[in-house]
Amino acid sequence: TAAAPASVPTGGCPFAHGAAPAPSAPNGCPVSHAAAAFDPFSDGYQQDPPEYVRWAREQEPVFYSPLLGYWVVTRYEDIKAIFRDNLTFSPSIALEKITPTGPEANAVLASYGFALNRTLVNEDEPAHMPRRRALMEPFTPEHLKHHEPLVRQLAREYVDRFIDDGRADLVDQMLWEVPLTVALHFLGVPEEDMDTLRQYSIAHTVNTWGRPKPEEQVAVAHAVGNFWQYAGQVLDKMRANPDAPGWMQYGIRMQKQLPEVVTDSYLHSMMMAGIVAAHETTANATANAMKLLLQHPSAWREICEDPGLIPNAVEECLRHNGSVAAWRRLATKDVSVGGIAIPAGSKLLIVTSSANHDERHFADADLFDIRRDNASDHLTFGYGSHQCMGKNLARMEMQVFLEEFTRRLPHMRLAEQQFSYVPNTSFRGPEHLWVEWDPTANPERRDPGARDGERAPVRIGEPTGHALTRPVVVERAEPVAEGILRLRLVAADGGTLPRWSPGAHIDVECGDTGLSRQYSLCGDPDDARAFEIAVLLEAESRGGSAWMHAHAREGARLRIRGPRNHFRLDEGAQGLVLVAGGIGITPISAMARRAQALGIPYELHYCGRRRSTMAMVDALRALHGERLHLHVGDEGGRLDLAELLRVPTPGTQVYACGPTRLLDALAARAAHWPEDSLRVEHFASTLGTLDPSQEHGFEAELKDSGLTIAVRPDQTLLQALRAANIDVQSDCEEGLCGSCEVAVVDGEIDHRDRVLTRAEREANRKMMSCCSRACGQKIVLQL
Ligand code: HEM
Ligand code: FES
């Protein structure tokens with residue numbers, strides 16, 4: 001084993017030596033050179049943890065670090081699996097000192113009666129879940145919204161203090177103190193002693209996650225001892241007034257009902273650990289986010305122009321550069337992680353920041369993309385039964401801070417500086433963040449009302465796809481058939497647009513009407529400059545298509561979301577029958593073009609009532625020749641579905657888009673075809689609004705989180721999950737898009753979506769939580 005510096009005790013090398021050394025091994029030990037050199041206290045790790053372990057993520061995803069005495073895990077799926085199984089992987093060492101202190105410091109701690117013990121984050125089952133359940137309520141969205149006005153008010157007051165200076169250290173002048181004040185309020189602590197606390201909590205971080213030098217250890221121990229005693233005093237004050245608001249007072253009240261669950265030791269330890277949990281994590285996360293955004297000026301400009309992008313930008317910042325870089329678990333038995341055998345008793349450093357940059361889960365993972373649609377899959381808040389309880393408080397604070405900065409200081413930029421970090425394995429944020437701007441250009445000098453601009457309350461919880469818009473300009477608008485306008489849309493900044501595949505659609509917002517409409521893309525997927533859609537003016541329009549026809553003129557600016565694809569072409573199909581009814585030709589035309597490019601045999605059937613209403617006929621004819629079959633109703637050319645689908649052809653798939661009538665008829669005629677040969681896209685959902693008198697309530701057991709939640713008859717499963725702080729993405733919320741899918745372990749599903757195929761429904765393994773329900777009284781989910 002590589003020699004460890006004398007001051008760093010190691011766990012000893014877990015490998016049997018004497019065997020033939022691995023080729024990469026330094027001293028005849030199967031620890032590779034890179035693993036032996038891994039040092040999480042070095043500047044490389046501090047500056048950029050995911051970059052520092054890139055080699056591991058790519059080549060040696062689970063390795064033993066002799067220097068640390070820990071196994072280090074770097075890939076997304078391995079880390080998620082560890083979080084999922086909190087019996088095999090105990091969290092008990094989460095708050096253990098990563099660098100054990102010497103006898104002198106230990107004596108100092110003992111002199112203060114220091115006895116920091118299990119809280120939640122480091123508590124094992126079966127003690128943990130009953131406590132978590134008992135203490136969860138103050139974290140639900142319903143309760144958290146009462147904290148937003150304070151966060152907003154503090155953010156405004158702190159910005160007031162430096163807005164005219166043209167220069168500020170955001171950490172020292174705001175981001176350190178505001179989350180601390182919010183944390184104290186949330187916990188129920190009086191505001192006094194903030195400066196003392198600040199010193200204490202830094203010391204606590206170093207004591208737990210850092211590597212203080214021997215000469216620093218004693219000073220750190222005094223600070224931690226003082227922190228511990230202070231926490232005890234505050235707790236005594238709270239016990240005297242247990243009805244005051246605050247999470248600690250809530251715990252004190254719960255202790256009366258459940259004394260074995262909410263113990264004295266828990267309360268005292270949480271009083272100290274809770275401040276750190278709520279404060280530093282959020283302060284660092286916001287500092288990291290501001291640094292990242294200002295380093296990407298186009299992203300910064302975009303959120304300044306469209307605050308609707310902020311919730312997802314927050315999530316992407318937490319993914320790309322979160323404030324918790326790594327977390328810890330203890331293997332309670334011999335186990336295999338990522339194919340590597342790990343003996344019972346091993347300590348694991350799970351580098352969540354590396355998981356967040358794992359290409360296997362996040363496409364183009366190093367790219368900072370504020371519109372990334374799975375950004376909130378990051379593991380910065382952990383996952384499963386210990387997942388951060390305060391995540392939605394942190395998200396809310398970060399959103400408010402970004403809203404205030406973008407509105408009041410959109411012209412802010414990063415000053416020249418070197419960033420420094422307090423060396424430790426887990427908590428990460430720059431110690432200072434200097435920004436500068438021209439105060440004469442402050443928006444509120446022109447418009448004093450800008451300071452207090454009305455803000456809608458932030459949405460508490462993870463972001464929905466609904467918020468992610470992109471500005472585009474109508475480059476061309478031309479009528480292509482009766483009532484049909486074809487639009488060519490280009491990026492407002494003239495840049496390229498995201499790639500898309502046939503079947504994809506975008507959502508177009510109809511100005512400020514609150515309406516938005518989905519349109520399939522029908523242009524050339526290789527044209528990265530533009531999206532093309534065709535808009536039919538519908539007689540029974542709810543206003544969306546009429547708005548589009550009136551406003552989508554050349555030069556007009558629109559906001560779109562997407563593209564997203566829930567109607568994907570199986571490029572491995574041996575043959576394709578493509579059927580379009582009316583405006584349903586848009587996705588089908590893109591599929592036909594692709595089939596041709598791939599050399600898949602296809603036939604294209606296009607049905608319409610009258611020829612004058614059928615768009616793109618000439619272009620389709622030119623491209624597809626004999627493969628195009630037009631079926632024009634008033635010319636007596638109705639499509640004979642029975643004949644078309646008479647003989648099932650193995651390997652051939654049928655894709656159809658059009659009115660429900662056509663799709664239902666197709667489904668009936670395709671019943672004798674192999675499973676899943678028919679794939680359809682509906683124009684609209686057929687879901688009605690939820691009618692509680694027709695529904696029954698049921699229970700959803702969440703296997704990964706260790707919770708059982710009740711879904712009332714007047715609630716969707718998605719709503720019940722969100723109310724319990726479980727993150728599930730959603731977009732359409734009407735069973736059309738597939739983004740709210742959850743995996744089902746047990747219990748029969750009442751499917752109501754339009755996304756899953758027949759075989760997928762029958763397999764009973766997944767469901768759309770926005771609309772589908774349980775057939776019986778209970779359903780078990782992998783969440
Ligand atoms: C647990 C991160 C903010 C309270 C955790 C865990 C992480 C984490 C990594 C352990 C998760 C696991 O083991 O699966 C963060 C980050 C934050 C943040 C990155 C800010 C950006 C907060 C806030 C509060 C809070 C504001 C409280 C007001 C807690 C609690 C737990 C926890 C109580 C323990 C939950 C349990 O074990 O059941 N947090 N946290 N956190 N966090 Fe946070
Ligand atoms: Fe679109 Fe549920 S959110 S199917």
Side-chain angles (χ1 to χ4, degrees), residues 79-80 82-84 86 89-91 94-95 118-125 128-129 131-133 135-136 138-139 144 147 179-180 182-187 247-248 251 270 273-289 314-315 317-318 322-329 350 352-353 378-398 426-429 464-466 564 566 685 687 704-707 716-718 725 728-742 752-756 767-772:
I79 293 181
K80 196 155 180 182
I82 290 171
F83 275 127
R84 198 170 260 148
N86 63 335
F89 301 100
S90 156
L95 302 184
R118 306 290 181 103
T119 51
L120 282 161
V121 78
N122 57 351
E123 181 66 282
D124 280 310
E125 304 307 339
H128 164 258
M129 273 320 289
R131 191 178 295 159
R132 180 170 165 114
R133 277 187 217 111
L135 300 170
M136 183 56 109
F139 288 101
L144 287 183
H147 294 275
L180 177 55
V182 175
L184 294 172
H185 274 272
F186 180 80
L187 292 168
W247 187 46
M248 291 310 300
M270 193 44 130
I275 296 174
V276 180
H279 167 216
E280 279 185 49
T281 50
T282 314
N284 284 333
T286 316
N288 288 334
V314 163
E315 228 53 38
C317 290
L318 286 166
S323 52
V324 169
W327 211 240
R328 288 183 278 165
R329 290 291 191 258
I350 48 181
T352 42
S353 54
H378 66 75
L379 297 177
T380 303
F381 291 129
Y383 176 77
S385 58
H386 284 272
Q387 195 192 38
C388 178
M389 285 167 85
K391 65 185 176 183
N392 287 333
L393 178 58
R395 285 169 166 154
M396 179 255 276
E397 288 187 56
M398 293 177 72
S426 295
F427 285 4
R428 208 180 151 271
T464 61
H466 275 301
R564 261 182 281 273
H566 312 303
S685 167
L687 270 187
D704 292 348
S705 313
L707 285 179
T716 64
L717 173 59
L718 181 67
N725 268 351
V728 179
Q729 295 180 4
S730 71
D731 184 12
C732 71
E733 300 191 6
E734 47 181 342
L736 291 172
C737 76
S739 62
C740 64
E741 178 181 306
V742 295
R752 304 189 182 178
D753 63 276
R754 291 290 201 169
V755 183
L756 297 178
M767 70 191 286
M768 296 306 142
S769 57
C770 70
C771 56
S772 299

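Whatever order the structure lists ligands and atoms in, that order sets their numbers, starting from 1. Small disclaimer: the values here were computed from a predicted structure and weren't measured.
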Note: ligand 1 atoms sitting under 4.0 Å from heavy atoms of A285 are 21 (C)

Counting backbone and side-chain atoms alike, does C770 have an N/O/S atom under 2.8 Å from atom 2 (Fe) of ligand 2?
yes

Could you list which atoms of ligand 2 come closer than 4.0 Å to a heavy atom of E733?
1 (Fe), 3 (S)

C740 neighbourhood, listing ligand 2 atoms whose heavy-atom distance to it stays under 4.0 Å:
2 (Fe), 3 (S), 4 (S)

Can you list the ligand 2 atoms lying under 4.0 Å from a non-hydrogen atom of S739?
3 (S)

Can you see which heavy atom on A289 is nearest to which on M398, and at what distance?
CB-CE, 4.1 Å

In ligand 2, the atoms that come under 4.0 Å of a heavy atom of G735 are 4 (S)

Working to the nearest 0.5 angstrom, can you tell me the gap between R752 CZ and T716 OG1?
11.0 Å

Under the 3.5 angstrom rule, does the side chain of S769 hit a backbone N or O of V742 as a donor-acceptor pair?
no

Nearest neighbour of atom 1 (C) of ligand 1 from the list G390, G706, C388, on a heavy-atom basis
C388

What one should report as the nearest heavy-atom pair of F83 and Y383 is CB-O, 3.4 Å

Identify the closest protein heavy atom to atom 12 (C) of ligand 1: which residue and atom is it, and at what distance?
H386 O, 3.3 Å

Taking only heavy atoms of F139 into account, list the atoms of ligand 1 that are under 4.0 Å away from them.
27 (C), 28 (C)

A278 contact mode with ligand 1 (heavy-atom cut-off under 4.0 Å):
both

Near F186 (heavy-atom distance under 4.0 Å), the atoms of ligand 1 are 28 (C)

Mode of E397 contact toward ligand 1 - side chain, backbone, both, neither (heavy atoms, under 4.0 Å):
neither

Where does R131 meet ligand 1, judged by heavy-atom distances below 4.0 Å: at the side chain, the backbone, both, or neither?
neither

Looking only at distance, does H128 have an N or O less than 3.5 Å from an N or O of ligand 1?
yes

Closest protein heavy atom (residue, atom, distance) for atom 36 (C) of ligand 1
R132 NH1, 3.3 Å

Residue, atom and distance of the protein heavy atom nearest atom 10 (C) of ligand 1 read W327 NE1, 3.5 Å

Among N392, T380, N284, which one puts a heavy atom closest to atom 2 (C) of ligand 1?
T380

Nearest non-hydrogen partners of N86 and E125, listed with the distance
ND2-OE2, 3.1 Å

Parallel, tilted or perpendicular: which fits the ring planes of H386 and H128, with parallel below 30° and perpendicular above 60°?
parallel

Restricting to non-hydrogen atoms, name the atom on R428 and the atom on A325 that form the minimum distance, rounded to 0.1 Å.
CD-CB, 4.2 Å

Which atoms of ligand 1 are found less than 4.0 Å from any heavy atom of S323?
19 (C), 21 (C)

For atom 3 (C) of ligand 1, what's the nearest protein heavy atom and its distance?
T281 OG1, 3.2 Å

among protein heavy atoms, the one nearest atom 31 (C) of ligand 1 is M389 N, 4.0 Å

Proximity to ligand 1 by part of M136, non-hydrogen separation under 4.0 Å
neither

Could you report the tightest heavy-atom contact between F186 and P138, atom names first, then the distance?
CE1-O, 3.7 Å

Can you find a non-hydrogen atom of R329 under 4.0 Å from ligand 1?
yes

Distance to 0.1 Å, residue and atom name: give those for the protein heavy atom nearest to atom 22 (C) of ligand 1.
A277 O, 3.3 Å

So, for L379 and T352, which heavy atoms are closest and what is the spacing to 0.1 Å?
O-CG2, 3.6 Å

Near F83, which atoms of ligand 1 are under 4.0 Å from a heavy atom of that residue?
12 (C), 13 (O), 14 (O)

Output for pair (R329 CZ, F89 CZ), nearest 0.5 Å, gives 10.0 Å

Can D124 and S90 be counted as having a side-chain donor-acceptor contact under 3.5 angstrom?
yes

Is ligand 1 under 4.0 Å from a heavy atom in the side chain of Y383, in the backbone, in both, or in neither?
backbone

Report the part of L393 (side chain from C-beta onward, or backbone N, CA, C, O) that has a heavy atom under 4.0 Å from ligand 1; answer both or neither where that applies.
side chain

Distance from atom 4 (S) of ligand 2 to nearest protein heavy atom, with residue and atom:
G738 N, 3.3 Å

